[in-house]
Each structure stands twice: as structure tokens, then as C-alpha cells.
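For reference, the structure is listed below as C-alpha cells.
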Amino acid sequence: MPQMNTTDLTQNLNDAQREAVCAPACNQLVLAGAGSGKTRVLVQRIGWLIQSAEASPHEILAVTFTNKAAREMRERLNEAVGGGVGGYGARSLWVGTFHGLAHRLLKMHWQEAGLPQNFQVLDSDDQLRLIKRIYQQLNIDDSKWPFRQAQGFINTKKDEGIRSQHIQDDYSAYTSNMRTIYAAYEEACERGGMVDFAELLLRSHELWLKSTALLQHYQQRFRFILVDEFQDTNTVQYAWLRVLAGQSSKVTAVGDDDQSIYGWRGAKIENIHKFEKDFAPVNVTRLEQNYRSTATILNAANALIANNTDRLGKSLWTEGEDGEKIDLYAAFNEQDEARYIVDRIQSWVNSGRSLSEVAILYRSNAQSRVLEEACIREQVAYKIYGGHRFYERMEIKNALAYLRLLLNRDDDVAFERVINTPTRGIGGKSLESVRLVAQEQGCSLYSATVKLVKQGVLTARANNALNTFLLLVEELENITVDMSLGDLTEYVVKHSGLLDFHAKEKGEKGQARVENLQELASACRLFTPEDDSVKPLREFLDTAALDSGDTQADEYESAIQMMTLHSAKGLEFPMVFLAGVEENLFPHQMSAEDPERMEEERRLCYVGITRAMERLVISYAESRRMHGKEKFNAVSRFVRELPSALMQEVRIKSTITRPTTYGKDYGGVFATKVSSSSNVHASNEAKAFITKSDEYSGFTLGQSVVHAKFGEGVIMQFEGKGARTQVHVNFPGLGVKRLMLEYAKLEPLV
DNA sequence: TTTCGCAGAATTTTT
DNA sequence: TTCTGCGAAA
């Protein structure tokens with residue numbers, strides 16, 4: 001194995017980075033600004049510990065927040081330290097997410113943790129279903145107490161380390177109701193051997209406290225603990241860490257208070273402050289030199305975030321160039337905004353740059369649609385992140401539920417999911433009887449069904465349907481018992497009837513679902529079990545529960561990336577568009593009242609700006625369709641907080657390129673574009689214009705037109721189709737006029 | 001039991 | 001606008 005020496009490891013670091021990497025064994029807090037080489041420091045710190053013989057890999061624990069970050073860290077460690085021959089390298093060192101590590105511990109020590117060996121991890125969807133069932137059981141009115149409220153309540157409490165019996169009675173109906181639901185939920189999880197995300201953490205924290213011997217073992221083992229994204233830790237995670245670290249382990253916390261954007265998920269930004277006290281003495285290092293963005297972008301980000309209070313204080317700087325100013329575009333509406341953005345992207349491509357260097361970031365997913373449509377129109381390849389993750393898709397969850405049932409008949413959540421999927425004539429009535437028996441006998445739904453069928457008290461039809469289901473599950477297990485994981489899954493998907501069921505769904509949906517189910521089977525074939533003490537299926541299901549499955553994302557495809565600001569954290573792009581930067585949207589309306597949430601919105605904006613390496617374009621729409629209604633929002637306060645010296649407003653007429661088209665009704669000639677942003681895409685555009693002109697009879701949004709009476713104006717919106725098309729035209733000085741296109745006699749202004 | 005249609009709601013989402 | 005969930009009809 002090639003041995004790297006210590007100088008090699010540190011020679012490419014700046015002073016602050018080196019200080020963090022080469023600090024003697026101590027507790028350290030690394031405040032790492034955006035783009036300051038955070039991951040690198042983390043990896044090199046571990047490398048340094050090992051190479052300076054401070055620690056063996058076996059004694060190091062590295063914690064991240066996402067599977068992706070964990071994977072990346074592992075890869076980079078393998079490069080830096082070596083893959084782990086004879087337990088020396090990165091393999092014997094624990095790297096994982098809080099949840100992943102907690103899961104691993106609970107798997108290893110299930111007895112001490114009071115869990116069945118084959119406990120099942122519930123994702124939030126499973127959790128919600130379980131809660132709904134509990135409502136039925138307890139006869140609670142969900143119009144008064146929404147399901148989501150109960151789910152939020154339970155998760156928040158668990159995140160704070162509070163179990164149902166610890167909840168103080170404040171004699172309010174709310175608290176007593178929620179406590180009852182929480183308690184029933186805990187009981188249901190206990191009975192079914194189910195553990196939700198928050199429970200993984202809480203349970204393993206309790207495991208530390210309950211089993212001193214175990215705790216001591218791990219305390220002695222993990223002499224060095226490193227935590228990434230420390231600003232995102234919640235109360236249990238912090239407590240877990242603190243207990244594990246004990247008196248002697250050294251903790252390195254890396255984070256950025258300015259990038260804390262998950263407060264609404266229980267993340268406690270205060271944990272950074274607490275860390276300094278609880279782990280004193282703490283060596284604090286600030287990484288402020290940025291290797292990502294231009295000085296202009298950084299200065300804008302600094303100016304923005306300076307409006308927040310209670311910061312630990314950090315100011316990014318770069319040795320690099322000032323770069324271009326930040327463009328600000330005021331769009332007429334969201335359509336115009338999308339068109340402008342796509343237009344800019346085309347110029348970017350025409351100047352020889354790549355699509356994959358571009359990202360469009362927005363506050364909420366609903367914004368993606370218009371952008372997506374604009375991309376389709378102009379034939380710009382795009383990829384949207386977010387939405388449903390692979391393992392959360394309905395068809396996949398259905399398939400997994402069958403698989404879960406094969407391993408554990410008592411998995412009530414899985415049972416409920418597939419008892420009538422595909423529909424087999426088991427409706428609410430039959431299910432109700434099953435639930436009743438289960439409740440009376442304190443057994444799972446599956447065994448209740450078995451009992452019920454034996455008794456034969458139901459109608460012949462219901463009895464028959466239930467029995468068919470039981471037989472199906474048994475048969476699936478018997479036949480697949482010796483199959484490989486891939487064959488097993490394929491068999492189950494097919495013979496459970498799921499494949500046909502989803503294939504029958506109308507539209508392209510069915511097709512997509514079938515493809516996803518096939519994708520699942522191939523994921524199973526590719527799956528390599530690591531632990532031969534358990535069935536591969538068991539291991540696969542565990543992985544699926546904790547992994548969102550975004551691994552297969554084809555990263556190398558040349559396409560622009562569209563995502564929410566939240567999912568952009570940790571990424572960087574040469575060209576970034578921040579779209580929809582308007583009051584009520586960003587900052588979001590729902591954060592308007594609470595100053596703390598407003599600061600979080602500002603941090604979100606800070607995250608967005610600092611994603612950009614070279615170019616940043618901010619846009620907002622003067623009018624925007626939201627929830628089907630036309631809204632007029634002011635430009636975001638965040639824009640006003642950026643120094644105007646760093647900005648340039650894009651002038652509509654001079655900068656933006658606007659195609660003029662004449663539809664079929666006007667002679668069937670497609671005029672070429674007035675200005676010159678693209679030749680390459682000309683044919684595509686012509687194609688796109690056919691649909692456009694059909695819709696708009698030859699006019700396009702944002703186009704300048706002349707009206708006989710009102711004079712010159714700009715088209716802001718179309719309404720309706722064909723002869724009944726209405727146009728909204730903004731005439732400077734006169735305001736927006738709604739006109740019937742047929743009678744308005746508008747002339748295009750070239 | 002299933003399916004269809006209408007009313008009502010509608011951030012962000014690492015695990 | 002678009003999705004979800006529930007109630008009424010087939």
C-alpha cells in the first residue's frame with residue numbers, strides 16, 4: 001500500500017485548514033464557510049490522525065447527514081488513506097449518517113435495545129399510515145386533529161428525546177389527545193417490531209444510557225469522533241454524541257451556522273454554541289477563504305447574511321477575481337421569467353459552455369413546472385431533483401410491502417398496504433373485522449386474518465377473498481425461498497399481481513411504474529449483501545428504508561439541473577439562476593411573521609448565492625400565477641439587501657432576445673429571430689413555435705406590440721385559446737389592458 | 001366494493 | 001393549477 005507522508009497531506013492546505021487538520025488531539029469546532037474546503041479538511045484530518053499515529057482507523061467515527069455525503073467521504077478516505085488491507089485502512093473506520101449508525105448499533109445489539117431481531121424501519125409514509133390506523137382505533141376525529149399534526153408532534157417529541165409518558169399534562173385537549181395518540185403509536189410500533197427514523201436515534205441514545213457496559217465499550221473504541229454539518233444536529237443527535245464522547249473522546253464538529261436551513265426539521269443551530277461550552281476546551285478554527293465563487297458573488301453573500309443576528313461571525317473572501325456582476329431580471333410574469341432563463345442558458349451553451357454547468361434554484365417545487373415547460377419548448381435538456389425518491393414511490397413501496405410481509409407476517413403497515421393492492425375485493429368492511437380481532441386478541445393483522453378465516457364468520461365472499469390473500473403470501477414465500485434476491489423480487493412483483501395492476505393505470509403513469517418495478521428488480525440483482533448472518537432480503541429492505549435511492553442518478557448526462565434551494569446545499573455550479581425571488585415566495589409567506597424563520601429564509605438565500613461559481617442571475621416576476629390565481633409580489637427584501645454596486649439590472653429590450661413569429665393564420669411563415677442568441681437551435685425553435693403560434697395566434701409573451709388606440713405595449717399574458725384568446729398588454733403609463741386578440745388588431749413591433 | 005367527481009388545501013424534506 | 005381525500009353512485 002502506498003504510504004503517503006504527512007507533508008504530502010498538508011502541503012496544499014491554507015493556514016486555517018492546516019490548523020484544523022493538524023491540531024493535536026482536542027475537541028475542535030471548525031466553522032467552515034461555503035466553498036471553503038470543508039470536506040477536504042474533514043478527510044485530511046482523519047488522514048492526519050492516522051498517519052501521525054494519533055489514532056488507528058478502528059478508533060475513528062465519522063458522522064454525516066446524508067448517505068451521499070457518507071459515500072463521498074468513504075471514497076475520499078479510501079483515496080487518502082487506502083482501501084483497508086488487513087483492517088488498516090478506511091474500511092475499519094465507521095462512516096455513516098446518524099441514522100445509519102444508530103441502525104447499525106440497534107441491529108448489533110437488538111436484545112439490549114429491546115427490539116426483535118428483524119425490526120423494520122418505517123419511513124415517514126409508513127409512519128403516517130400507522131397513525132391513520134391509530135386514529136381509527138381510538139376513534140379520533142381527524143378533521144379536528146389532522147394526521148400530519150400528530151405525526152409532527154410525535155417526531156418533534158422524539159427528536160427532543162421525549163417519550164409519551166414524559167409528556168407533562170397541561171390539561172389542554174390538544175396535549176392529552178396527542179399524548180394518547182403518541183402512546184398508542186409507540187405501542188403499535190412495539191408490537192409490530194417497527195422503528196421510525198426518530199426512534200432509531202432515540203432508541204440508540206437510550207441504549208447508551210441503559211447499558212453501561214456497551215457504552216463504555218464504544219466510548220473506549222471511538223477515541224475520535226468527527227461530525228459534518230454540525231449546525232443540522234437535533235437534540236437527540238447532540239445528546240447521543242455527547243454521551244458517546246464521554247470524558248475522553250475527542251470530537252471534531254464541522255459546520256456553518258449561516259447554512260442552517262433545517263430548523264423546521266428540528267435542527268438546533270444552538271448546538272454549535274452549546275458545543276463550545278459542553279466540550280470545553282474547544283479549539284475553534286474559521287475557514288473563510290473560499291475556493292468556489294467570484295469576489296462579487298461572495299461580497300453579495302456576505303452583505304446579505306450580515307442582516308442576520310446571532311451569528312458566530314464569518315466573512316468569506318477569495319484570492320480570485322471579481323468576476324461579472326450579478327444580473328437581476330424583472331420578469332413580467334413567471335412565463336417570461338422562464339423564457340428569459342432558458343434564453344440565457346442557450347447563450348451560455350452557444351458560448352461554448354456546457355449545460356451541466358447550469359443550475360436553476362427555486363424556493364418551492366411548484367415553480368419547477370413553468371421552467372420545465374420552457375425547457376421542453378426550447379429543447380434544452382434538464383433534470384429535476386426532488387419530488388418522489390425512488391424508494392418512496394407508490395409502486396416501489398407496494399412491492400417492498402410484499403417483500404416485508406414475506407419476512408415478517410406481523411408487519412401491520414406492510415399488511416395494510418397490500419391487503420387490497422391490487423384490488424381483490426377486500427374493502428373497509430372486511431378490514432374492520434380483521435382490525436377488531438387484532439385489537440381484541442392483541443395480535444397482528446395477519447394472524448387476526450388467519451383466525452378470522454378459520455372461524456368462517458364472515459360472508460363467504462369476504463372469507464374467500466381474505467383466504468386468497470393469505471394463500472398468496474404463503475405461496476410467494478414457499479416458491480421464492482431458494483431464489484436469489486433479484487429473482488425473488490421479480491417473482492413477487494409479477495405474481496402478486498402488482499405488475500399488471502400498475503401496468504393498467506392510465507396515461508404514461510402506468511408505463512413509468514412498470515419501469516420502476518423493473519428497476520427495483522435490477523437494483524436487487526446489483527445489491528451486494530455485506531452481512532451473511534442475515535438474509536439478503538432483510539439487508540436489502542433495511543438499506544432501502546434508510547436510503548432514498550438517488551444513487552443511480554445519471555450524473556454525467558449533459559443537462560441543466562433544477563432543484564429547490566434546500567436540495568442545492570453542498571453543491572456548486574458555474575452558472576446559477578435564482579428564480580422567483582419575490583416577497584411571499586422567497587422569503588416564503590409562511591415565514592413572514594416569525595423573525596427566526598425569516599433569518600432561516602435569509603440563510604437559504606445565502607446558500608443559494610454561494611452555490612454560484614462564476615455567474616449568478618437573480619430573477620423575479622412582477623406577476624405570478626400561484627394556486628391558480630394571479631399574484632403581484634414585490635421584489636424580495638433579499639434583493640434589496642444586496643449591494644447595488646454588485647448588481648446589474650438586465651434591460652428588457654436591449655439584452656433579452658425576443659423571437660417574433662407569425663402563425664399559420666398570418667400566412668404560415670415562421671420569421672427568424674430578431675436577435676441572434678442561437679443558430680444551432682434554430683430548427684428546434686421553429687418546431688417549438690408551431691405549438692406556440694397555435695396557442696397564441698402568432699404572438700408571444702413579452703413581445704412588444706402596437707395598438708391603434710393605446711400605442712406601444714408589451715404582452716404579459718394570454719388567456720384562452722383560438723378565437724376567444726385574450727391578451728394582457730401592458731401599456732406604459734396606461735397599465736395592463738385585457739384585450740380580445742381577435743378584435744385588438746395588434747401589430748408586432750419589430 | 002369500486003370508481004368517479006368534487007371540494008379544499010397548497011414550503012422546504014438529509015433519514 | 002394540481003393533488004389529495006372523502007362521499008355518492010354504479
Side-chain angles (χ1 to χ4, degrees), chain A residues 63-71 96-103 121-128 132 142-143 146-148 151-152 155 158-159 195-201 228-229 231-234 236-237 259-267 334 361-370 373 385-389 391-392 394 420-431 459 461-462 465 506 542-550 563-570 580 584-592 597 600-601 603-605 607-608 624-631:
Chain A
V63 192
T64 63
F65 268 83
T66 65
N67 291 306
K68 196 174 153 205
R71 272 192 294 270
T97 63
F98 274 108
H99 292 87
L101 295 166
H103 183 249
V121 178
L122 298 184
D123 69 14
S124 22
D125 183 66
D126 298 329
Q127 185 184 40
L128 192 64
K132 284 180 182 171
D142 68 281
S143 61
F147 299 126
R148 302 239 169 228
Q151 188 180 27
N155 288 335
K158 284 194 181 188
D159 283 346
V195 173
D196 61 45
F197 289 140
E199 183 75 23
L200 286 169
L201 302 168
D228 196 9
E229 306 281 15
Q231 77 281 352
D232 289 336
T233 51
N234 66 27
V236 202
Q237 287 163 340
Q259 290 189 71
S260 161
I261 55 175
Y262 284 103
W264 49 277
R265 263 184 128 272
E334 75 280 4
L361 310 181
Y362 37 79
R363 177 65 236 265
S364 72
N365 283 312
Q367 286 170 258
S368 68
R369 180 165 237 103
V370 192
E373 284 163 2
Y385 288 80
H388 280 264
R389 290 157 196 289
Y391 288 117
E392 282 168 12
M394 192 215 297
N420 202 29
T421 314
T423 47
R424 47 174 74 84
I426 304 174
K429 268 275 167 54
S430 316
L431 254 184
T459 62
R461 211 170 91 169
K506 41 183 187 277
D542 288 339
T543 318
L546 287 172
D547 193 335
S548 52
D550 51 6
M563 65 190 89
T564 63
L565 286 148
H566 281 91
S567 18
K569 195 169 97 171
N584 298 322
L585 184 58
F586 188 29
H588 201 277
Q589 201 162 15
M590 294 187 138
S591 307
R597 296 182 64 176
E600 184 155 310
E601 296 274 334
R603 292 194 289 270
L604 195 54
C605 188
V607 167
R624 177 181 299 275
R625 242 188 140 72
M626 287 168 87
H627 311 318
K629 284 237 158 59
E630 205 75 13
K631 301 272 183 185

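The sequence lines fix the lettering, A, B, ..., with proteins before strands; numbering per chain opens at 1.
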Please name all residues satisfying salt bridge (Lys or Arg N to Asp or Glu O under 4.0 Å) with A:Arg363, sequence neighbours left out, ordered by chain then number. A:Glu601

With A:Asp542 via salt bridge (Lys or Arg N to Asp or Glu O under 4.0 Å) - residues at least two apart: A:Lys107, A:Arg538

Taking CE from A:Met626 and C1' from C:dT1, how many angstroms apart are they, rounded to a whole number? 12 Å

Touch class at under 4.0 angstrom, heavy-atom based, for A:Gly570 against every strand present: nothing

Counting side-chain heavy atoms from CB outward, which of B:dT1, B:dT13, B:dT15 is closest to A:Ser430? B:dT1

Quick check: closest heavy atoms across A:Ser260 and A:Asp232, and the distance to 0.1 Å? CA-OD1, 4.2 Å

Restricting to side chain to side chain contact (heavy atoms under 4.5 Å, CB included), what partner residues turn up for A:Ala568, sequence neighbours left out? A:Leu361, A:Met563, A:Arg611

On DNA chain B, does the nearest nucleotide to A:Gly100 precede the nearest nucleotide to A:Glu600 from the 5' side, or the other way round? Give the residue. A:Glu600

Between P of C:dT1 and CZ of A:Arg625, the distance in whole Å: 5 Å

I'd like to check the ring-ring contact (aromatic ring centres under 6.0 Å, His included) partners of A:His588; sequence neighbours left out, ordered by chain and number. none

From the options B:dT12, B:dT15, C:dT1, select the nucleotide whose nearest atom is closest to the side chain of A:Glu392. B:dT15

Is there a side-chain contact between A:Thr564 and the phosphate of B:dT13, meaning an N or O under 4.0 Å from OP1 or OP2? yes

What does the list of N/O pairs under 3.5 Å between the protein and nucleotides 2-9 of chain C look like, with a distance for each?
unit_1	atom_1	unit_2	atom_2	d
C:dT2	OP1	A:Arg369	NE	3.4

Verify the contact: side-chain N or O of A:Asn365 to OP1 or OP2 of B:dT13, cut-off strictly under 4.0 Å; return yes or no. yes

Just to be sure I understand the rule, does A:Asn67 reach a base, reach only the sugar-phosphate, or reach nothing, if contact means heavy atoms closer than 4.0 Å? sugar-phosphate

Using whole Å, what does the distance between atom C1' of nucleotide B:dT12 and atom CG of A:Leu565 come to? 9 Å

Measure CG/A:Asp125 against C1'/B:dT13 and give the value in whole Å, please. 14 Å

Where the side chain of A:His627 is defined as all heavy atoms beyond and including C-beta, which of B:dT15, B:dA10, B:dT12 is the nearest nucleotide? B:dA10

Qualifying residue for ring-ring contact (aromatic ring centres under 6.0 Å, His included) with A:His566, from A:Trp264, A:Tyr385, A:Phe586, A:Tyr362: A:Trp264

Measure from the side chain of A:Trp264, starting at C-beta and using heavy atoms only, and say which of B:dT1, B:dT15, B:dT13 lies closest. B:dT13

Which heavy atom of A:Phe65 sits nearest to which heavy atom of A:Glu229, and what is that distance? CE1-O, 3.2 Å

In whole angstrom, what separates A:Asp232's CG from B:dT12's C1'? 13 Å

Looking at B:dT13, I'd like to know if its phosphate oxygens (OP1 or OP2) sit under 4.0 Å from a side-chain N or O belonging to A:Ser124. no

Which heavy-atom pair separates A:Arg424 from A:Ala465 by the least distance, and what is that distance? O-CB, 3.5 Å

Give a yes or no on whether a donor-acceptor pair under 3.5 Å exists between the nucleobase atoms of B:dT13, that is its base, and the side chain of A:Arg265. yes

Any side-chain heavy-atom pair of A:Glu334 and A:Leu585 under 4.5 Å: no

Could you check how far OH of A:Tyr262 sits from P of B:dT13, rounded to whole Å? 6 Å

Hey, does A:Glu601 reach any base, or is it just sugar-phosphate, or nothing, if we go heavy atoms under 4.0 Å? base

The single option from A:Arg624, A:Lys631, A:Met590, A:Gln589 that satisfies side chain to side chain contact (heavy atoms under 4.5 Å, CB included) with A:Asn584 is A:Gln589

With heavy atoms under 4.0 Å as the rule, sort A:Lys569 into base, sugar-phosphate or nothing. nothing

Go through B:dT15, B:dA10, B:dT12 for me and flag the one nearest to the A:Leu546 side chain. B:dT15

Expected rows: protein N/O vs nucleotides 2-8 of chain B N/O, under 3.5 Å:
unit_1	atom_1	unit_2	atom_2	d
B:dT2	OP1	A:Gly425	N	3.0
B:dT2	OP2	A:Asn420	ND2	3.0

Give a yes-or-no answer on whether the side chains of A:Gln231 and A:Gln259 include a donor-acceptor pair shorter than 3.5 Å. no

First of A:Phe65 and A:His588 reached from the 5' end of DNA chain B, by closest nucleotide: A:His588

In whole Å, I'd like the distance from the NZ atom of A:Lys158 to the C1' atom of B:dT15. 13 Å

Output the rounded distance in Å from CD (A:Gln367) to C1' (B:dT12). 11 Å

Side chain of A:Ser364 - closest among B:dA10, B:dT12, B:dT15: B:dT12

Would you say A:Ser591 reaches B:dT12's phosphate, i.e. side-chain N/O to OP1/OP2 under 4.0 Å? no

